[in-house]
Amino acid sequence: MDERYEPSKIEPFWREEWERTNLYLTRETPGRPKFYGLEMFPYPSGDGLSVGHLHNYVPCDVIGRYKRMAGFNVLHAMGWDAFGLPAENDALLKRLHPKETVPRYAANFKRQLKLAGCAYDWTREINSSSPDYYRWTQWFFLLLYKRGLAYRALGSQWWCEKCRTILANEQVVNGCCWRHMETPVSKKDLEQWYFKITDYADRLLADLDGIDWPEPIKLMQRNWIGRSEGAELAFPVMGHPGKEVRFFTTRPDTVFGVSFMVLAPEHPLVAEIVTAENRGAVDEYVAQARRQSEIERLSTVKEKSGVFTGAYARNLFSGKDVPIWIADYVLMGYGTGAIMAAPGEDERDFAFAKKYGLEIPVVTAPADGSSAPANQAFTERGIAINSGFLNGMKTDDAIRAVCKHAEECGFGRATISYRMRDWLISRQRYWGCPIPIVYCAKDGIVPVPDDQLPVVLPDMKDYQPSGTGRSPLANVPEFVNTACPKCGGPAERETDTLDGFACSSWYFLRFAAPHYDKAPFEPKAGDYWLPVDLYVGGAEHAVMHLLYARMWTKVMFDAGLIKFKEPFPALRNQGMIWAADGQKMSKSKGNVVTPDAMVEKYGADALRLWELFMGPFEEATNWNETGVAGTARYLQRVWALMRRYVEAGCPDGAPSAETVKRAHKTIKIVTDHVERMRFNTALAVLMDQLNYLAKLEPERLGRHTIETYVLMLAPMAPFVGEEFWRELGHKDSIHLEPWPKFDSALTVDETVTVVVQINGKVRDRLEIEADAAEADVRALALASEAVRRNLDGKAPKKVIYVPNKLVSIVV
RNA sequence: GCGAGAGUGGCGGAAUGGCAGACGCGCCGGACUUAGGAUCCGGUGCCGCAAGGCGUGGGGGUUCAAGUCCCCCCUCUCGCACCA
């Protein structure tokens, strides 16, 4: 062995050797359990990977390598989320074409992942922008269409002026585009495709209970779905026979206190019921609401505003006619776009009533008999008062009574409302999966038959988004003009493309059999590998990708294609790595640290170890390069130990009982920590063990001690692991060796330190035999010189004994 | 505003209610060196010569014993933000 550890001398060799021997091909050895570990597949950006990205890939690689050694058939593959706005925007900016940049960027990512020693089965590499792949994205679109889950509707939708396309609700952040955080979105009326994710709202919510996900992510999904129980009721509009205001409320029990109603400015009823004398003010308000930016409109701090329509609705409970207002605090997109206002029990209605001098009846009293605080709404549950037949009922009973009454009278019923809206999937952009739909003058909307897939994205030089609301594909006659699959007559293709999130809603299935060309996945391989055993990615995907993928999985389950209802039974979020300056790593800030630079300076193994050691896997922390120097130094010390051992002829040796015990304890603890993804502490244990071993003569180490140490190091530092294994005389790769086992009997301590406390303060320590008799330990403790000195003649009031831990004396 | 998570040495971080600060970084001292941003050895929470005392954001509480459990407050990060 060389005197000094020089990663540049060993890493390129093993990188090539592993590739040559196809070491990381997926194996399906009979009799072994399977493990499918998956990282969220990345959009390959032109900036390449930073050390921050590796904080996801390296730990997952360690788990994959560990599972393989622990006897699993492991599926660990990588692919590229290559379709979509990020790739297209980048190419536009650089005046290049995504079909050219995407493969180049992906190749660079792949190179970097190999550089870092990540073990993927590259024969399973996938790319969502390749026709072999998006053919099946289209197939899934048609599956949803056939099941009534894809529909077309005219709607007022979010439009980003920079992206020149419609965005999904989830892609609007604080009133701005998620790709352009400084660009406020506006509304545009277009006919669009939607996926009916709301049909799955209940199941998406209920099935969260059965999956092993971080609680905050589940909570975000629950909040996003936003299930509310309540009632949908309708009150007739006076003077407009047949017209009614339908509204949703979670507090139907307060209906006797309804003193006015509010419609969203965009509500279709507004134009019909507004009186002549109010029309001017109403029109102006509606126009102003449309003009207003969404940030202003959605601001909670803004004072409420609204105008009276001049029309009245009959409160079918109180019998009173109440004024109908319009106000922008009522949203057209939720419920029915109309509310009943119970200002005595709702803060928002209260504020509105105060401002416009509307009546504020009080119809709920605190259940404990106290009086409700004055000059504010009483929003808690309580007892109905001033409420006709509801008087004296508790809120929950009153809710049931109102629903029953409304249902009997035929103007309402108990219902459930969701905050989540349907998923808007049309994009007026070039670089996406074409929607496999044809419009025929005779047959209308016609799906492209499965055997005509894929609908290939045509080559276009000039693919800039037009901003007209039509995709650039509309400018390609060869693409647009086609024959109707039904009647054969002239027809036009849909020119919008699919939201990139469609591509990532099923990719995890594809890795099971990525080259199968008769279905999205080969059924037998799917049954074997799916679902994903461990899914790892950033928390930023809490409500988009993770919700969509769950929905598609449920659709596939319903269609009988798969046997599981959840794609990712276990999910973990890696912590964000900030730059050394505490900011986000970005090229523009000039604070990006690349794996390339770190590998060149310290080697891939040292980089990997620091990624693992810098903190708990799921917690955020700042990058710190001196840490890599530290793990490189650790590897130097391991190298020095190995060299001494190898040069002494790898003696079987005569390890002391303590050394043997330490070896077994180390295996036990490291195994436990790796299983729980506590890589930082797992490595700390290995470092501690090294500090011990480094002091021993080679003859006193023992071959078992050394080999198990190297085996445990191998998943974390695969290059030196492989090198050491060969130096120890092995021919086969260490990465296919079984994970070391420990002898429980050898992990038990024979002596223990028992702490003696007096009034909670440590006064002495006793080295005693493990599991010694309680009476003996108590006697020993009380006899201790330090204890007698500190007792100072006082008699112990109480003595508590915790076996093998401590004696606590109270005086 | 509502919800969630987090506050431990100079720094990253360890600690099934039972010795706070494992492991590493940094720093200090020493050895070897022409040299050290290499390597090795030792030290390193704070105050104190010491004995000892004090210490996990702040304040209370439960307990023989609290970083850990309970209540109140402060700070930071993230999510949602008029969803009726």
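Below, read A as the first sequence line, B as the second, and so on, with proteins coming before strands; counting in each chain starts at 1. Since we're looking at a predicted model, the values are computed, not measured.
Taking the six-membered ring for Trp and the full ring otherwise, the centers of A/W423 and A/Y194 sit at least 6.0 Å from each other. Separation of the A/W178 and A/F501 ring centroids falls under the 6.0 Å cut-off. Residues A/F352 and A/F260 place their aromatic rings such that the two centres sit under 6.0 Å apart.
When both pairing distances are held under 3.5 Å, B/rG18 makes a Watson-Crick or G-U pair with B/rC64. Summarising the base pairing, B/rU33 is matched to no nucleotide, lacking a Watson-Crick or G-U wobble pair whose two defining distances lie under 3.5 Å. Nucleotide B/rG1 is matched to B/rC80 when pairs are restricted to Watson-Crick or G-U wobble geometry with both distances under 3.5 angstrom.
Among the heavy atoms of the strands lying under 4.0 Å from A/R678 are primed sugar atoms or P, OP1, OP2 only; no base atom is included. A/A342 comes within 4.0 angstrom of no nucleic acid atom, judged by non-hydrogen atoms across all strands. Using a 4.0 Å heavy-atom criterion, one finds that A/L806 contacts the bases of the nucleic acid, with or without backbone contacts as well. Residue contacts shown for A/N691 are limited to sugar-phosphate atoms, with no base heavy atom under 4.0 Å away. Residue A/S808 is classed as a base contact, given a heavy-atom separation below 4.0 Å to a base. A/N680 comes within contact range of the sugar-phosphate backbone alone, with a heavy-atom separation under 4.0 Å but no base atom that close. Using a 4.0 Å heavy-atom cutoff across all strands shown, A/E619 reaches no nucleic acid atom at all. Contacts of A/R227 with the nucleic acid, taken as non-hydrogen atoms under 4.0 Å apart, are absent.
Ion pairing between a basic and an acidic side chain is recognised when a charged N comes within 4.0 Å of a carboxylate O; A/R381 and A/D396 show such pairing. The residues A/R644 and A/E697 are annotated as not salt-bridged, no charged nitrogen and carboxylate oxygen being separated by less than 4.0 angstrom.
For B/rG9, the base adopts the syn conformation, since its glycosidic angle falls within 90 degrees of zero.
One C1' atom belongs to B/rU63, the other to B/rC71, and the distance between them is 16 Å to the nearest Å. Distance check on atom P: B/rA66 versus B/rG59 gives 15 Å, rounded to whole Å. Between the P atoms of B/rU39 and B/rC25, the separation comes to 10 Å (whole Å). Between B/rU77 and B/rC32, the two C1' atoms lie 48 Å apart (nearest whole Å). Comparing the same atom, C1', in B/rG10 and in B/rG61 gives a spacing of 34 Å after rounding to whole Å. Between B/rC23 and B/rG13, the distance separating the two C1' atoms is 9 Å to the nearest Å. Between the C1' atoms of B/rA20 and B/rC28, the separation comes to 24 Å (whole Å). As rounded to the nearest Å, B/rG5 and B/rG52 have P atoms that lie 42 Å from one another.
Here the side chain of A/D422 pairs a donor or acceptor atom with the backbone of A/T198 at under 3.5 angstrom.
In this structure, A/L635 places its CG atom 12 Å from P of B/rC25, rounding to the nearest Å. Separating the CG atom of A/N573 from the P atom of B/rG79 is a distance of 13 Å, rounded to the nearest angstrom.
Of the candidate nucleotides B/rC19, B/rA84, B/rA4, B/rC19 has the atom nearest to the side chain of A/R765. Of the candidates B/rU16, B/rG24, B/rC25, the closest approach to any side-chain atom of A/K805 belongs to B/rU16. Closest approach to the A/K761 side chain among B/rG53, B/rC23, B/rA15 is made by B/rG53 (side chain taken as heavy atoms from C-beta onward). With distances taken from any side-chain atom of A/L219 to the nucleotides B/rA84, B/rA20, B/rA4, the minimum falls on B/rA4.
Between A/F235 and A/F317, the ring-plane angle classifies as tilted under the 30° and 60° cut-offs.
Not a single donor-acceptor pair, N or O on each side, falls under 3.5 Å between the base of B/rC64 and the side chain of A/K797.
Position along RNA chain B of the nearest nucleotide to A/R637 versus A/G630 favours A/G630 as the more 5'-ward residue.
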